[in-house]
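For reference, the structure discussed in these notes is given below.
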Amino acid sequence: MEDFKYNPEEGFLNESEFPNPTDDTGVQARTQFMRLLNQIKDFINNVLRVKKGDTPVKLRINSNKQAEFSEDGENWDVVVGTGEAGKGVPEGGAAGDYLEKVSDEAYDTTWKTPDNELTDDGETLVKGKTVKQYVDSKIYPTITVTLLSNDESSVEGQEITITDVDTGEVIDTYSYTTPKPVKVAVETNYRVSVNDKQYYVKPKNVTGTVKFAKDIAITMTYKKMRRYGFRRAKTESNPTSRITYLFDAEGKAPAKMNLGSTFDYGGWEDFCNEVNRPVMLKKTGEVDYELCHTDHSKRIDGITPSDYNNTAYAGNAMSEFRVFKYTKRYEDADYEYVIFCDGKYDDDYECDAFIKDDGQEYDTFYYGMYMGSNVSSCLRSVAGQGIMTGQTATTEYNYAKANGTNHNIISKCRWDYLLDLCTLISKCDNLQATFGNGFVGGSAQKTPGSHYNKGQFYGSTGSSDSVKVFYVEDPWGNVWERMNGLINSSGSIKVKHKAPYPTPSDSDVYNEYTYVNNAPAEGYVKDAYGGALGFVPKTTGGSDSTYFCDYFYTNNSGIKFALVGGDWGNGLRCGRYVDLGYASSSTSGAVGSRISY
């Protein structure tokens with residue numbers, strides 16, 4: 001019997017190559033055997049897609065992510081770099097015809113005409129493309145960046161950099177003129193970044209993973225920086241007349257509380273929603289979810305219950321501040337200036353409030369929505385729990401840190417940020433008259449959380465109703481708050497306006513604090529230091545309705561650790577009330593603190 005041979009015109013095992021049998025038994029055996037061989041032949045030919053008159057073409061990806069083609073199903077050549085138009089593509093077909101993909105490696109060699117116009121779906125080989133063009137577009141998709149500015153200013157010449165995140169290697173960097181496709185290998189984890197543009201907030205980095213046959217189009221937009229500022233006339237006693245709006249704040253209607261009723265945002269509603277929101281923050285520092293703005297017992301959908309009062313929850317109810325992270329504070333002989341900006345407009349703009357205890361700059365910071373409660377030796381921000389009082393500053397500091405990395409009690413830079421925002425949107429220095437008196441006429445502390453359903457702001461003219469600003473309940477009144485960053489050292493007021501902070505002590509561990517001025521006499525604040533270190537009382541002689549409308553107290557013996565806000569019995573002294581007469585080791589049932597992250 002002859003050896004079976006392969007005939008490229010007919011396939012495997014052709015009848016003419018099999019010898020004729022000499023008897024009936026042989027005929028039957030031959031017939032059965034040929035049926036079996038034909039089944040094998042059909043199976044093999046179907047796998048290899050061998051057809052008469054066609055050149056068997058296959059495309060595949062090898063283990064090195066290179067494209068290969070084959071004309072016989074056995075010998076494979078790398079496609080990338082051949083540059084030979086049409087190599088491996090069968091003759092015939094019309095423009096728009098395609099080769100159907102029949103397996104993970106192979107394409108049918110018969111050109112087919114689509115019912116509709118083809119799209120590049122990664123599953124077909126379109127007529128008119130060389131194998132190299134086709135494979136390059138699949139194995140090396142492109143990232144194309146379009147740069148824009150929100151005021152149509154020129155972005156030509158801005159630098160775009162595409163980086164391999166895993167290796168740190170720069171894939172390409174170029175000056176922008178028009179969108180430029182950049183080839184990037186499949187499965188590359190990439191990062192697209194741009195350089196600074198003066199007076200514009202640059203777009204955030206874009207990251208992702210390149211997928212097979214998927215070109216990536218990215219639009220990145222520079223946004224003109226916005227500056228909302230105010231100027232305070234030092235010698236003007238009227239708390240409203242002394243404030244003048246600057247830059248993008250000019251022309252805005254001031255906000256105010258219709259006391260005991262609704263909050264009138266004036267022209268500031270969009271700003272307030274952009275700069276601030278209520279969230280549940282995990283102890284790891286991740287936002288778990290946003291709270292409903294008008295009912296904190298619900299999540300943002302207004303239906304799902306939240307954990308705002310759940311002591312078993314591994315996190316806290318927090319007020320998030322964001323976007324306008326840069327501030328510029330300075331003064332001249334006649335005025336103090338405070339300006340908020342969504343970018344670093346110049347070198348005088350700082351982001352002190354957004355620097356955490358690790359010394360790193362972040363895009364957000366978090367202020368406890370509620371005064372701190374003691375839950376298993378951890379200072380927590382949860383509604384419905386009594387405020388932790390009667391502890392030393394060291395205990396408060398350590399219990400705050402028990403939440404995890406970058407947690408601490410509140411700091412002066414964040415207190416300044418919060419209350420300067422209040423002055424900005426209200427165009428007034430009398431915080432109690434504008435936002436509400438707060439709980440300032442009681443005889444004992446009030447449990448936090450009473451205004452969980454009062455929105456972003458709430459206040460009244462009464463003295464037994466807590467005040468709420470930017471989702472922070474009791475920013476003044478109820479219980480004094482201990483605060484990092486401000487001390488009185490034997491009559492010298494010193495400030496540290498950014499983290500980290502040393503553990504509170506009655507000893508002088510505050511060598512990184514900066515001297516600002518001598519402590520004035522006790523009384524209502526008339527003038528204050530207005531430089532980069534924020535609000536520091538300089539002179540007294542005002543009243544509860546003039547200048548700053550808030551009180552200052554001092555004791556110049558030894559080291560005193562700042563208390564702010566005032567308590568349930570301090571009446572109209574509250575607001576920016578500063579007490580620099582209390583040692584960090586002292587304790588009181590009217591003194592507590594609040595966590596920050």
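This structure is a prediction, so every number in the text was calculated from the model and none was measured.
- Closest of all the heavy-atom pairs between Ala333 and Lys234 is O-CD, 3.8 Å.
- In terms of heavy-atom proximity, Pro239 sits nearest to Ser545 at CD-O, 3.5 Å.
- Tyr245 carries Lys427 over the face of its six-membered ring, with the cationic atom under 6.0 Å from the centre and within 45° of the normal.
- A donor and an acceptor atom, one from each side chain of Asp506 and Ser584, are located under 3.5 Å apart.
- Remark: Lys496 is positioned above the aromatic ring of Tyr501, its terminal NZ or CZ atom under 6.0 angstrom from the ring centre and at most 45 degrees off the axis.
- In this structure, Asn276 CG and Leu418 CG are separated by 8.5 Å, a value rounded to the nearest 0.5 Å.
- Within the 4.5 Å cutoff, side-chain heavy atoms of Tyr529 are placed close to those of Glu331.
- Between Thr311 and Gln385 the shortest side-chain heavy-atom distance falls below 4.5 Å.
- Between Lys344 and Asp196 no salt bridge is recorded (no basic side-chain N to carboxylate O distance below 4.0 Å).
- Although no hydrogens or angles enter the test, the distance criterion places no donor-acceptor pair under 3.5 Å between the side chain of Lys494 and the main chain of Asn488.
- Classification of Arg576 and Asp420 as a salt-bridged pair holds, one side-chain N sitting under 4.0 Å from a carboxylate O.
- Between the side chains of Tyr366 and Glu320, at least one donor N or O lies within less than 3.5 Å of an accepting N or O.
- For Tyr228 and Trp268, the ring centers sit closer than 6.0 Å to each other.
- In this structure, the side chains of Phe561 and Asn484 come closer than 4.5 Å at one or more pairs of heavy atoms.
- Between Lys412 atom NZ and Met483 atom CE the span is 6.0 Å, to the nearest 0.5 Å.
- Salt bridge annotation for Glu361-Lys325: present, with a cationic side-chain nitrogen under 4.0 angstrom from a carboxylate oxygen.
- Each of Tyr417, Tyr345, Phe324 was evaluated against Phe340; a single residue qualifies, Tyr417, per the ring pair (Phe, Tyr, Trp, His ring centres under 6.0 Å) test.
- Between the side chains of Arg414 and Ser596, at least one donor N or O sits under 3.5 Å from an acceptor N or O.
- Here Leu379 contributes atom CG and Met371 contributes atom CE; the two are 8.5 Å apart, rounded to the nearest 0.5 Å.
- Look at Glu274 and Arg226 and you find a salt bridge, because one of the NZ, NE, NH1 or NH2 atoms lies within 4.0 Å of a carboxylate O, short of that distance.
- No side-chain donor from either of Ser154 and Glu156 sits under 3.5 Å from a side-chain acceptor of the other.
- Residue Ile387 holds its CD1 atom at 10.5 Å from NZ of Lys446, rounded to the nearest 0.5 Å.
- Between Glu336 and Arg329 there is no salt bridge, since no side-chain nitrogen of the basic residue lies less than 4.0 Å from a carboxylate oxygen of the acidic one.
- The side-chain tip of Lys401 points at the ring of Tyr397 from less than 6.0 angstrom away and within 45° of straight on.
- Judged by distance alone, with hydrogens and angles left aside, the side-chain atoms of Thr389 form no donor-acceptor pair with the main-chain N or O of Val591 at under 3.5 Å.
- The closest donor-acceptor contact from the side chain of Ser373 to the backbone of Gly386 lies under 3.5 Å.
- A salt bridge does not link Asp474 with Lys468: every distance from a Lys NZ or Arg NE/NH1/NH2 to an Asp or Glu carboxylate oxygen is 4.0 Å or more.
- A cation-pi arrangement is found for Arg242 relative to Phe548, the charged atom lying closer than 6.0 Å to the ring centre and inside a 45° cone about the ring normal.
- Shown are Phe535, Tyr553, Phe552, Trp480; of these, the ring pair (Phe, Tyr, Trp, His ring centres under 6.0 Å) with Tyr577 is made only by Trp480.
- Distance check: Gln432 CD to Thr461 OG1 gives 11.5 Å after rounding to the nearest 0.5 Å.
- Of the candidates Asp307, Asp301, Thr304, Asp307 is the only one forming a side chain to side chain donor-acceptor pair (under 3.5 Å) with Tyr289.
- Under the 3.5 Å distance criterion, with hydrogens and angles disregarded, no donor-acceptor pair is assigned to the side chains of Asn406 and Asp357.
- Inter-residue side-chain proximity for Ser411 and His497 is flagged as unmet; no heavy-atom pair is nearer than 4.5 Å.
- In this structure a side-chain-to-backbone donor-acceptor pair under 3.5 Å is missing from Thr587 to Gln391.
- Of the residues Tyr458, Phe263, Tyr308, Phe457, the one that meets the ring pair (Phe, Tyr, Trp, His ring centres under 6.0 Å) test with His451 is Tyr458.
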For this session: Check step by step if salt bridge (charged side-chain N to carboxylate O under 4.0 Å, His left out) holds for Lys223 and Asp151.
Result: CA-CA 7 Å; Lys223 296 182 179 180; Asp151 64 350; over 6 Å; no
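- Judged by distance alone, the side chains of Tyr265 and Gln456 do bring a donor and an acceptor atom under 3.5 Å apart.
- Side chain of Arg299 to backbone of Ser306: no donor-acceptor contact under 3.5 angstrom is found.
- In this structure a side-chain-to-backbone donor-acceptor pair under 3.5 Å is missing from Ser489 to Ser492.
- The distance from the OG1 atom of Thr423 to the CZ atom of Phe230 is 5.0 Å, given to the nearest 0.5 Å.
- A distance-only check finds no donor-acceptor pair linking the side chain of Asp465 to the backbone of Gly462 [under 3.5 Å].
- Geometrically, Lys202 does not engage Tyr222 in a cation-pi contact, judged by NZ or CZ lying under 6.0 Å from the ring centre and within 45° of the ring axis.
- Proximity of the aromatic rings of Phe354 and Tyr362 is defined here by a centroid distance below 6.0 angstrom, and this criterion is not met.
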